[in-house]
Number of protein chains: 2
Amino acid sequence: MAKVKAEVGGMPGPATKMPGSTPTGGVGLRDVARAVGVSTATVSRAINRPEVVSPELRERIALAVAELGWIPDGRARAFTTGRSQTIGAVFPTLGLGDFPRAANAIQRQLLDVGYTLLLACSEYDPDLEFQQVRKFAERGVDGVILVGLAHHPDLLPFLKQRNLPFISSFIYEPAIHGSCVGPDNHKALVTMTDYLADLGHVRFAVIAQATENNDRASARLAGIRDALALRGLAVRPQHLAIGTWTIEEGRRLFAQVMATDPRPTAIICGNAPLAIGAVLEALATGRRVPEDVSIVGYDDIEIMSHLPVPVTTVRVPGEEIGYRAARLIVDRVEQREPDYPLESEAEIVVRASSGPPPKD
Amino acid sequence: MAKVKAEVGGMPGPATKMPGSTPTGGVGLRDVARAVGVSTATVSRAINRPEVVSPELRERIALAVAELGWIPDGRARAFTTGRSQTIGAVFPTLGLGDFPRAANAIQRQLLDVGYTLLLACSEYDPDLEFQQVRKFAERGVDGVILVGLAHHPDLLPFLKQRNLPFISSFIYEPAIHGSCVGPDNHKALVTMTDYLADLGHVRFAVIAQATENNDRASARLAGIRDALALRGLAVRPQHLAIGTWTIEEGRRLFAQVMATDPRPTAIICGNAPLAIGAVLEALATGRRVPEDVSIVGYDDIEIMSHLPVPVTTVRVPGEEIGYRAARLIVDRVEQREPDYPLESEAEIVVRASSGPPPKD
DNA sequence: TTGTAAGCGTTATCAT
DNA sequence: ATGATAACGCTTACAA
């Protein structure tokens, strides 16, 4: 009990505080201390550095804690220590590709090391992303996980000024080693493009999401272009279709690029829904995949291997990325050096949707 | 500057604090106050209740705030006010059905009203869910959003004791009106079952996820059973297949129930991946859908309408649920009465995967 | 309208 | 090994 502050009879008095619900259930460290007959300092130590209090006391304190149902007030703790044991992550969206998997992995790993995840979505909007990060800063996160490298121009200065550690995920750039974790998007699409070109393809179409504010999408597009250029090839303007990340859009854009002349023989899709849409539209319109046209995607979500024609795609290890992102940001916060690889290998998963180009 | 506390010459002294990075960038309310030449109280008021300070001061304070790049330290604020403007949500998983959509919606809505979302996953494990909620409580969340009604036995008492408002989402029970928001899972599957029975189906199979710790899944199963019982029908034991929530599993369980004798003519799937798997397995094994067998699902994610045979399914308005969940928990926290509906209508979206049973 | 000053629950410093 | 006590940055009576 204790805490029942002052007036019981209900006089005006200095107004009992009670702005919101008592966070820790009304019991504080002092209540525990009082119950055991020690000082708050001792209780605090018993919690945070048990080895430094006598076993006997430790025992009695643990008992009282359980008895009273006390849990530490993280707010007060954060306030006092200057760290909140909290990490903020801003994803473009949940529910696309490997993001949910990664978010899950981050969350699990953070929990393991005693941190909590604050998760927000930017909806691919740099302004919103910045706003979310500001919120996080206000909330006192110890570090921030971002996706990609393209951000609001004021974002990085903001973080710098506040000395807030941050990392970029789902991307790897050797130039900023130590602050990014993910696959090399450029390299992944070079590999994919090479694979298709080696099959004999010459006319490539690309269905992808907009590259503005999305350096990962840009890197992928650049990878395709660079790989083709090495062979003296290029994507025709009418074979480049830009959209969003829905199946619907994939169907539409597939139909669009297939209506051109000459037709492409290989279609590279910038994300999973676009690839799914392309494949389903191809089948729905009676085309044979890959005999008439090869289609490849990005992100190996489960459905990719289950469509009537399983889809060749770039597999990004989302779980691994999330796990490492969590470790990395915590290591940054706690000033440790990462001792694990930061570049994740994206691999090409070859399935039935890709093959040699038609003879025609 | 200011903050440069005491010793500049670098004597031991009482040790400058600096445990972690300074959260607010080194500038505090007092710095702003000093710069303007007013008291901290005035600055605080200028921020929180602008109408109560003179316009002139308000102006100068705003200027100084911008100048110094000050942002409030949410930790201190939370500490002082007893509220953190933070809501915790524990979802079973991201990346299944409408959960990502709902999470997104919650997050957006909370942002709108000045709250921040803490998101965690329970992986359908009640212990983990409880642990996450404890973490949230420690972090001082003002309220908690849960999914469903089945929880760790100690969870609700825990929340009660701490006076922590919470709501259940993705479920609606009239009996606890005001603390839940979502569809009536039971009713939804009664409707779906009636629809199929009215088409003439008599032999029903059910492919669903385990019902332990998942009252929503239980409610759906009960809905099917009750609707059938009203017609004197029941699901044969060998036509009830329990699994997880993967496409893979859907394929396997579909094959399993179709290998029985007599065969079912209608298959009700408990979630989207199971339905997708069932349909794809049916097509892959040369069955005609719905001529040979009708297949229906739960959750209307995009792919459902795009498969070679579009899938009849229960559509749950995930976005609406998330939006309302966010509003509801905030209203609970701020002791307001909700003035919007809490029950979301699940609707049956009829597509090509369902039809009359085969004559056989 | 503005200033003064008392907390809020914990950790950390210093003394014992 | 333990206790006393001063912060931490902000909000909020209450006084002026």
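Remember, it's a predicted structure, so these values are computed and weren't measured experimentally. Letters go in sequence order (proteins before strands), and every chain restarts at 1.
- Crowding of B:Glu51 atom CD: a count of heavy atoms from other residues, nucleotides or ligands under 6.0 Å exceeding 12.
- The interatomic distance linking B:Arg75 (CZ) with C:dC8 (C1') rounds to 15 Å, in whole Å.
- Using a distance-only test at 3.5 Å, with no hydrogens or angles considered, no donor-acceptor pair links the side chain of B:Tyr124 to the main chain of B:Thr93.
- Taking atom CZ on B:Arg30 and atom P on C:dG3, their separation rounds to 15 Å, with Å as the unit.
- The distance between atom CG of A:Leu29 and atom C1' of D:dA7, rounded to the nearest whole Å, is 16 Å.
- Rounded to an integer number of Å, the gap from CD of A:Glu138 to P of D:dT11 is 11 Å.
- Contacts between residues 44-58 of chain A and DNA chain D, defined by a heavy-atom separation under 4.0 Å, are made by A:Arg45, A:Val52, A:Val53, A:Ser54, A:Leu57.
- Comparing the axis of the opening five pairs of the helix from C:dT1-D:dA16 to C:dT16-D:dA1 with that of the closing five pairs yields an angle of 30°, rounded to 10°.
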Could you tabulate the donor-acceptor pairs under 3.5 Å formed by side-chain atoms of residues 55-69 of chain B, not counting sequence neighbours?
unit_1	atom_1	unit_2	atom_2	d
B:Glu56	OE2	B:Arg60	NH1	3.3
B:Arg58	NE	B:Pro50	O	3.1
B:Arg58	NH2	B:Val53	O	3.3
B:Arg60	NH2	B:Val36	O	2.8

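- Using a 3.5 Å distance cut-off with no hydrogens or angles, the side chains of B:Glu129 and B:His151 do pair a donor with an acceptor.
- Considering only the side chain of B:Thr40, C:dA5 comes nearest among C:dT10, D:dG3, C:dA5.
- Between B:Gln85 and B:Arg77 there is no side-chain heavy-atom pair separated by less than 4.5 Å.
- Side-chain atoms of B:Asp142 never come within 3.5 Å of backbone atoms of B:Ile87 as a donor-acceptor pair (strictly under, hydrogens ignored).
- Listed nucleotides C:dG3, C:dG9, D:dG3 differ in distance to B:Phe79; the shortest reach to its side chain belongs to C:dG9.
- Atom CZ of A:Arg139 and atom P of D:dG9 are 18 Å apart (whole Å).
- A:Arg60 has its CZ atom 12 Å from the C1' atom of D:dT2, to the nearest Å.
- Of the candidates C:dT4, C:dC8, C:dT10, the closest approach to any side-chain atom of A:Trp70 belongs to C:dT10.
- Checking B:Ala41 against B:Ala76, the closest nucleotide of DNA chain C that is more toward the 5' end is the one next to B:Ala41.
- No donor-acceptor distance shorter than 3.5 angstrom exists from the side chain of B:Arg332 to the backbone of B:Pro165, with no hydrogens or angles considered.
- For A:Ser39, counting side-chain heavy atoms from C-beta on, the closest listed nucleotide (C:dT4, D:dA4, C:dG9) is D:dA4.
- Salt-bridge check for B:Glu334 with B:Arg83: failed, with every basic side-chain N at 4.0 Å or more from each acidic carboxylate O.
- Dashed line: the shortest gap from a side-chain N or O of B:Arg77 to OP1 or OP2 of D:dC10 is not under 4.0 Å.
- Judged by distance alone, with hydrogens and angles left aside, the side-chain atoms of B:Arg30 form no donor-acceptor pair with the main-chain N or O of B:Thr40 at under 3.5 Å.
- One atom, CZ of A:Arg162, and another, P of D:dG9, lie 14 Å apart when rounded to the nearest Å.
- Under a 3.5 Å cut-off, the side chain of B:Asp215 and the backbone N or O of B:Ala150 do form a donor-acceptor pair.
- Here D:dG9 presents its P atom at 17 Å from CG of A:Asp73, a figure rounded to the nearest Å.
- The side chain of A:Thr80 places no N or O atom within less than 4.0 Å of a non-bridging phosphate oxygen (OP1 or OP2) of C:dG9.
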